[in-house]
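Worksheet: one structure, shown below.
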Protein chains: 2
Amino acid sequence: MKTYSTNEIYSDLYEQLINAVIPAGSKIKPVELQSKYGCSTNTIRDTLLRLSKIGLVTFQMQRGFRARETSPKKRSDIAKFRVLLEQEGAALSIRKAGLDWEIRLNSAHHKLSHIEKLMTKHGLTDEHLLVWSSAEFEFHDALISGCASDILIETYGHIYAQFRQQFVAQERDFGANYFESIIHEHATILQAALARNEEACKQAIHDHMKRNF
Amino acid sequence: MKTYSTNEIYSDLYEQLINAVIPAGSKIKPVELQSKYGCSTNTIRDTLLRLSKIGLVTFQMQRGFRARETSPKKRSDIAKFRVLLEQEGAALSIRKAGLDWEIRLNSAHHKLSHIEKLMTKHGLTDEHLLVWSSAEFEFHDALISGCASDILIETYGHIYAQFRQQFVAQERDFGANYFESIIHEHATILQAALARNEEACKQAIHDHMKRNF
DNA sequence: ACATCCAAAAATTTTGACATTTTTATGTAT
DNA sequence: ATACATAAAAATGTCAAAATTTTTGGATGT
C-alpha cells in the first residue's frame, strides 16, 4: 500500500479538488482521509488549512472543512474576476515585458495547442483533461508573467485554481467540439499579445471567458 | 494573567501583524508565543496557518512562519494592486449599487472624517492610529461593497491587510499634517462615488494611493 | 581566511489521547 | 404533525510528548 508524504497528501487533495473528484461544496472530514493517507487526523487538518489559503477549501471554526461551494452566481463571479486579473496582467506584460516573455508565452502556447489538437481528434479522457488543464494554466500564467507584479501573479494562481474547481464539471459536458473554439481563442490571445496590442488582447481575453459569465 | 481563546489569539496576532508590532519579515516561532497565550505550540501553528491565508504570514514547509517581508518594490506592488481592485470595485458599485450602498458609504466616511479631524488637532497616538486604521478600512470596504462580487471583496480585504502591514511603519513617520491631505482625498473619493462619476472616482482612488507607488 | 564536516541544540512536524463542541437521533409535550 | 428538549454519536479542537528536520557552533583541513 502506497504511503504518502505530506507534500503528496497536499498535491493529491489539490488535484482531487481541482478536478471535482471531491465535489464542490462537499464536506471534508479528516477522519475519513486518515486511513487513505496513513497519517493522523491532525496532519490532514494541517494540509486542509494550507489548501484553504488558495481558496479551494473553506474553513470555519468548529465546523471543519468544505470544498468551496459552487453556484451559477459564484461561477460567474470567479470568471469575471479572472478576466479582470488576466487583462491587467496581460496589459502590463505587453507594456513592459521583453523577449524572454515572448518566448515563454510562445512555447507555452505551442505545447497547449499540441494537446488541444490531440483532444479534438481523439476523445477527451480524464487523463487528457488533466494534462490539458495544466498546460492551459501554463499558457495563461505565461501571458501575465511579464507584468512584474508578484502579488498579481500569486492571486491569479489562486483564482485560476478556483476557476477550474468551479467549471470542471461543466467542461466535461461540452464535449470535443467545444475545444475547437478554445483553440481559436487561445491563438487570438497569443497573436494580440505578441503584436503588443493591448486592447485587442484584453478583448480576446474577455471573449475567451464570456461563455462563463 | 489573561487567558486567550483561539479566536483571541488570532485577533491578537492579526493586530500585531497589521501594526508591525511583529515586524515585517521577522521569524515567528510557535514556542515563543506559547507562554504568552497559554496554549500548545500546535494551536499557535494552527492560527498561523489561518493567518497565512490572508497573506500576513508566509509559510514554508519545515521552515516555519514569517511575517510577510517588505521592501520598496513589494510596497509599490501591493499599492498598485490595491488600486486595481479598488477602482474596479468602486466602478462596479457606481454602476450597479443602490441607495443602501450610498448610505453605507456616506456614514463610513462620516465616521472616518470625524476621527481624522481629531487626529490633526491632537497628536497621533498609537491608539488613535488603531481606531483610524479600522475606520479607514470600513470606508474603502464600503466603497467597493456594492460591486456584487464576493471574491473581489474578499481579495480586497486580504490586500488591504497586507497594505497596512507594509506601510504602517511609513505612516508613523509622516506625522500629523500628512492626515490633512488624506482627509481631502477621502472626501474627493466620496464625492465622485456619490455623483456616480466612474472616471473621477477611479482618478481619485489613484491619486489617494500614488504616494505609495 | 575559507570551506567542509560533524555533533549538539533548536525548531518544526507528527502522533495518539483526551476535551470540547456540533450534529444526529430519539422521545416527549403541545 | 410540529416543535422542543435531551441523550448518544460523531466530528472537531487541544494538548504534551516523540520523531524528524533544520540550524547553529565548533573542530578540522585546505
Side-chain angles (χ1 to χ4, degrees), chain A residues 1-17 20-71 165, chain B residues 1-17 20-70 154 165:
Chain A
M1 189 192 184
K2 177 159 176 40
T3 64
Y4 290 83
S5 75
T6 312
N7 284 325
E8 284 169 339
I9 298 173
Y10 183 92
S11 322
D12 196 62
L13 286 173
Y14 181 91
E15 280 211 349
Q16 289 195 45
L17 288 161
V21 176
I22 299 174
S26 67
K27 196 135 196 8
I28 304 176
K29 297 178 193 171
V31 213
E32 290 172 6
L33 298 170
Q34 185 179 18
S35 58
K36 167 168 184 184
Y37 294 116
C39 67
S40 74
T41 57
N42 241 327
T43 302
I44 306 278
R45 178 188 169 79
D46 207 280
T47 306
L48 290 170
L49 277 172
R50 288 200 284 141
L51 283 163
S52 86
K53 175 179 167 153
I54 59 182
L56 253 28
V57 160
T58 57
F59 169 75
Q60 266 191 301
M61 273 295 261
Q62 314 284 14
R63 308 245 161 141
F65 303 92
R66 269 177 194 286
R68 181 163 279 223
E69 308 231 350
T70 185
S71 71
Q165 179 183 42
Chain B
M1 189 192 186
K2 177 160 176 37
T3 63
Y4 289 83
S5 75
T6 311
N7 283 326
E8 284 170 340
I9 298 174
Y10 183 92
S11 321
D12 197 62
L13 285 173
Y14 181 91
E15 280 211 350
Q16 289 194 46
L17 288 161
V21 177
I22 300 174
S26 66
K27 195 134 192 15
I28 304 177
K29 297 179 194 171
V31 212
E32 290 171 6
L33 298 170
Q34 185 180 18
S35 57
K36 167 167 184 185
Y37 294 116
C39 67
S40 74
T41 57
N42 237 325
T43 302
I44 306 279
R45 177 187 171 79
D46 209 279
T47 306
L48 289 170
L49 278 171
R50 287 200 285 142
L51 283 163
S52 86
K53 176 181 158 124
I54 60 183
L56 254 28
V57 160
T58 57
F59 169 75
Q60 268 191 298
M61 274 295 262
Q62 315 284 17
R63 310 245 158 142
F65 302 92
R66 271 177 192 286
R68 181 164 279 225
E69 309 231 351
T70 186
E154 183 187 333
Q165 178 183 42

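Just so it is clear, the values below take in all heavy atoms, side chains as well, and ignore hydrogens, waters and symmetry mates.
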What are the two closest heavy atoms between B:I22 and B:S26, and how far apart are they?
-> CG2-OG, 3.4 Å

Would you name the heavy atoms of B:T41 and B:Q34 that are closest together and state the gap between them?
-> CG2-OE1, 3.6 Å

Pair B:E154 + B:K53, salt bridge at N-O below 4.0 Å = yes

Give the rounded distance in Å between these two atoms: [atom1] of [X] and [atom2] of [N].
X     : N      : atom1 : atom2 : answer
A:F65 : D:dA11 : CZ    : P     : 15 Å
B:Y4  : D:dT14 : OH    : P     : 16 Å
A:N7  : D:dT21 : CG    : P     : 12 Å
A:Q60 : D:dG13 : CD    : C1'   : 15 Å
A:R45 : C:dT15 : CZ    : C1'   : 15 Å
B:L49 : C:dT12 : CG    : C1'   : 12 Å
B:R66 : D:dT22 : CZ    : C1'   : 13 Å
B:I28 : C:dT12 : CD1   : P     : 10 Å

5' priority, DNA chain D, between A:N42 and A:R63 [closest heavy atom] = A:R63

Name each donor-acceptor pair under 3.5 Å that joins a side chain in residues 55-69 of chain B to protein atoms two or more places apart or in another chain, with its distance.
{"unit_1": "B:R66", "atom_1": "NH1", "unit_2": "B:G25", "atom_2": "O", "d": "2.7"}
{"unit_1": "B:R68", "atom_1": "NE", "unit_2": "B:G55", "atom_2": "O", "d": "2.9"}
{"unit_1": "B:R68", "atom_1": "NH1", "unit_2": "B:Q162", "atom_2": "OE1", "d": "3.3"}

Residue-phosphate contact under 4.0 Å: B:K27 side-chain N/O, D:dT22 OP1/OP2 | no

Does a side-chain N or O from B:T43 land closer than 4.0 Å to OP1 or OP2 of D:dC15, or not?
-> yes

Between D:dC15, D:dT12, D:dG13, which one does the side chain of A:K29 approach most closely?
-> D:dT12

Identify which nucleotide among C:dA11, C:dT15, C:dT12 has an atom closest to any side-chain atom of B:E32, counting heavy atoms from C-beta outward.
-> C:dA11

Which value, rounded to the nearest 0.5 Å, describes the distance between A:I9 atom CD1 and A:D12 atom CG?
-> 8.5 Å

So which one's nearest nucleotide on DNA chain C is more toward 5', A:T6 or A:M61?
-> A:T6

